[in-house]
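Reviewing the structure listed below.
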There are 2 protein chains.
Amino acid sequence: MSNSSYSQFCPVAMAAEILSPRWTLVLLGEMLSGSTRFNEIRRGVPRMSPALLSKRLKELEVAGVVERIGSNADFPEYHLTERGRELRPIIMSIGAWAQKWIDTDVAMEKLDAQLLMWNMRRNLNPDPMPRRRTVVQFIYPELPPREKHWWLIVEPGQDVDLCSIDPAHDVDLYITTNLKTMTKAWMGHTSLSKEVADGAILLTGDPVLSRSITQWIGSSSLACAYVGPRA
Amino acid sequence: MSNSSYSQFCPVAMAAEILSPRWTLVLLGEMLSGSTRFNEIRRGVPRMSPALLSKRLKELEVAGVVERIGSNADFPEYHLTERGRELRPIIMSIGAWAQKWIDTDVAMEKLDAQLLMWNMRRNLNPDPMPRRRTVVQFIYPELPPREKHWWLIVEPGQDVDLCSIDPAHDVDLYITTNLKTMTKAWMGHTSLSKEVADGAILLTGDPVLSRSITQWIGSSSLACAYVGPRA
DNA sequence: CGGGATCCGTAAAGATACTG
DNA sequence: CAGTATCTTTACGGATCCCG
């Protein structure tokens, strides 16, 4: 690889050797979002083959951008080094550039319910929710059966759980909409409140949960770079 | 290509489809430095094959980052669109990240006299030079004959000329050094004045030209992002 | 000389399957 | 959970050639 490199002393070229290989930028974005376990990363980058993911992680480790922690008995975790964390403003500005310049309609041709739900699961903020188990069911009527129903299960003190098969719990809030609307709202292309007001997103169930939805539902960690403050 | 894409709605993934293909970042860096003609770009990115350069330019045109001007009789020029020019801070911050984190010694293994001289030619500032033809000869004693001698010919009102064969003009200033020192100075890794003071760069000839060297010799357009102001 | 197109061999990536 | 193994497809690099 170092042989087939750009062979330029220009720093951009040297950075490109690290950042340009296919999937690398997306992978770094996923790691900046906090994924550390192999299969956790896989779910965030579902179309990347495990072989390639493994290879990229090793390359980034050699480049000093990623470090593997836990070589002992337990399963390894992958963390960004300081060198890797300092890529955050770059990745964010790339995202902001794309948000500004890439046609939204084109972007919205690449919807993926599982990916969206997995990202929502990660960014959901349980703090404003009731201090009991809370179940939110998403319904995308236009999707095929396997992707139509999703459940987010929030239990105090635990990680949020995502299911695509009915967990047979009482549901506190139903969210009925189409995938495009939900994705746009979550990406910050449109306002969740506005879509609810327009009837494009239908909330049924607990009115308290319903009213506080903008507090707990989160948004793309990149969206904060585009639309406004949300640390 | 749009078929083999990342298929992620994440804006970083969409930008990566444009920015990640091999050579694209380096090419954009070269265009941000001002190259507009096909072979002019080639000289800045000498290891990129013309076929691939042509392909990349077309892809970037489709992406709306580059526009081709002059489809008429004369030769086409390639310019960045506004969308492309807004990549400048991103490319610059990538360069700054590399400058900070990538080992200088590793970087300095990829020296290329022709590329360095071509970049120096471009960034040389004739304004502080005398209002007559001025010839500067570079001598890299350690290099093989073909790369040992370089001439920059500055004529008022004309583009700077670069020769690797003796143009048989009177030489106003000789610069004798090794390629590594010259590259590091030009990249901003070290100070030109310091290398001259240390004797690592030897200046022979016109003392006026010699004293004003930091005014006209320029530096990497990326170096300004690292070391200090030089618009 | 500028601006490519073509052909071909190699290297990387994708799709699936399988394992400790 | 955390990866390999294998096979096919695509992309890339290098050389050559073409045309105005």
Side-chain angles (χ1 to χ4, degrees), chain A residues 1-8 13 16-27 30-31 35-62 66-79 110 118 159, chain B residues 1-8 13 16-27 30-31 35-62 66-79 118 159 161-165:
Chain A
M1 193 182 71
S2 65
N3 195 10
S4 74
S5 68
Y6 300 117
S7 297
Q8 300 226 157
E17 288 178 27
I18 297 173
L19 302 178
S20 274
R22 198 163 161 69
W23 285 109
T24 302
L25 279 178
V26 186
L27 166 58
E30 177 64 21
M31 296 193 70
S35 295
T36 59
R37 309 295 293 275
F38 191 89
N39 282 0
E40 187 186 8
I41 297 169
R42 277 193 71 181
R43 277 187 291 266
V45 191
R47 313 243 326 188
M48 188 179 189
S49 79
L52 192 53
L53 174 56
S54 175
K55 186 180 171 195
R56 287 286 178 271
L57 286 169
K58 283 172 187 161
E59 290 169 2
L60 290 173
E61 204 180 343
V62 169
V66 162
E67 59 186 341
R68 177 192 303 239
I69 295 175
S71 51
N72 302 8
D74 43 26
F75 297 121
E77 291 192 357
Y78 298 92
H79 289 268
K110 312 186 178 179
W118 182 254
D159 282 346
Chain B
M1 193 181 69
S2 65
N3 194 12
S4 74
S5 68
Y6 299 118
S7 298
Q8 299 226 159
E17 288 177 28
I18 297 174
L19 302 178
S20 274
R22 196 165 163 72
W23 286 107
T24 303
L25 279 179
V26 185
L27 167 58
E30 177 65 21
M31 296 193 70
S35 294
T36 59
R37 309 293 294 275
F38 191 88
N39 282 0
E40 186 185 11
I41 297 170
R42 277 192 72 179
R43 277 186 290 265
V45 191
R47 314 245 326 190
M48 187 178 189
S49 76
L52 193 53
L53 174 55
S54 176
K55 185 179 171 194
R56 286 286 179 271
L57 286 169
K58 281 173 189 162
E59 289 169 1
L60 290 173
E61 203 180 344
V62 170
V66 163
E67 59 185 342
R68 176 192 304 237
I69 295 176
S71 50
N72 300 8
D74 42 27
F75 294 123
E77 290 192 358
Y78 299 92
H79 288 268
W118 182 252
D159 281 348
D161 223 345
L162 171 67
C163 306
S164 63
I165 55 170

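Letters A, B, ... are given to chains in the order of the sequence lines, protein chains preceding strands, and every chain is numbered from 1. From a predicted model like this one, the values you see are computed outputs, not experimental measurements.
Phosphate proximity of C:dG4 to B:Arg68: present, with a side-chain N or O under 4.0 Å from OP1 or OP2. An OP1 or OP2 oxygen of D:dG3 is reached within less than 4.0 angstrom by a side-chain nitrogen or oxygen of A:Tyr78. Distances shorter than 4.0 Å separate some side-chain N or O of B:Lys55 from OP1 or OP2 on D:dC12. For C:dG14, neither phosphate oxygen OP1 nor OP2 lies less than 4.0 angstrom from any side-chain nitrogen or oxygen of A:Arg47. The side chain of B:Arg42 places no N or O atom within less than 4.0 Å of a non-bridging phosphate oxygen (OP1 or OP2) of C:dG2. Here B:Trp23 reaches the OP1 or OP2 of D:dG13: one of its side-chain N or O atoms lies under 4.0 Å away.
Atoms CZ (A:Phe38) and P (D:dC1) sit 12 Å apart, rounded to a whole Å. Distance, A:Tyr6 OH to C:dA11 P: 17 Å, rounded to whole Å. When the C1' atom of C:dC1 is taken as reference, atom CD1 of B:Ile41 falls 16 Å away, rounded to whole Å. One atom, CG of B:Leu53, and another, P of D:dC12, lie 13 Å apart when rounded to the nearest Å. Taking atom CZ of residue A:Arg22 and atom C1' of nucleotide C:dA12, one finds them 11 Å apart after rounding to whole Å. Between the CD atom of A:Glu61 and the P atom of D:dG3 there is a distance of 10 Å, given to the nearest Å. Straight-line distance from the CG atom of B:Leu52 to the C1' atom of D:dG14: 12 Å, rounded to whole Å. C:dG3 atom P lies 6 Å from atom CG of B:Asn39, rounded to whole Å.
To the nearest 0.5 Å, atoms OG1 (A:Thr24) and CE (A:Met31) are separated by 11.5 Å. Of the inter-residue distances, the one linking B:Arg56 atom CZ with B:Leu27 atom CG reads 8.5 Å to the nearest 0.5 angstrom. Rounding to the nearest 0.5 Å gives a distance of 12.5 Å between CG of A:Leu60 and CD of A:Glu67. Atom-to-atom distance recorded for B:Arg42:CZ and B:Glu30:CD is 12.5 Å, nearest 0.5 angstrom. Atoms CD and CD, from B:Glu17 and B:Glu59 in turn, are 11.5 Å apart once rounded to the nearest 0.5 Å. Between atom NZ of residue A:Lys55 and atom CG of residue A:Leu53 there is a gap of 12.5 Å, rounded to the nearest 0.5 Å.
Helix bend of the helix from C:dC1-D:dG20 to C:dG20-D:dC1: the angle between its two end axes, each built from five pairs, comes to 30° after rounding to 10°.
Judged by closest nucleotide on DNA chain C, B:Arg43 is the one of B:Arg43 and B:Ala51 placed further toward the 5' end. Each of A:Glu77 and A:Ser49 was matched to the nucleotide of DNA chain D holding its nearest heavy atom; the match closer to the 5' end belongs to A:Glu77.
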Distances under 3.5 Å between nitrogen or oxygen atoms of protein and nucleotides 17-20 of chain D:
none

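Counting non-hydrogen atoms under 4.0 angstrom, A:Arg56 reaches the backbone sugars and phosphates but no base.
Remark: the backbone N or O of A:Trp23 is paired with a side-chain donor or acceptor of B:Tyr6 at under 3.5 angstrom.
With C:dG3, D:dG3, C:dA5 as the candidates, the nucleotide lying closest to the side chain of B:Pro76 is C:dG3. When each of D:dG3, C:dG3, C:dA5 is scored by its nearest atom to the side-chain atoms of A:Ser54, the top-ranked nucleotide is D:dG3.
When all heavy atoms of A:Phe38 and A:Leu57 are compared, the pair lying nearest together is CD1-CD1, 3.9 Å. Here the shortest heavy-atom pairing between B:Pro46 and A:Gln8 reads CD-OE1, 3.5 Å.
Here B:Glu61 pairs with B:Arg68 under the salt bridge (Lys or Arg N to Asp or Glu O under 4.0 Å) rule; sequence neighbours left out.
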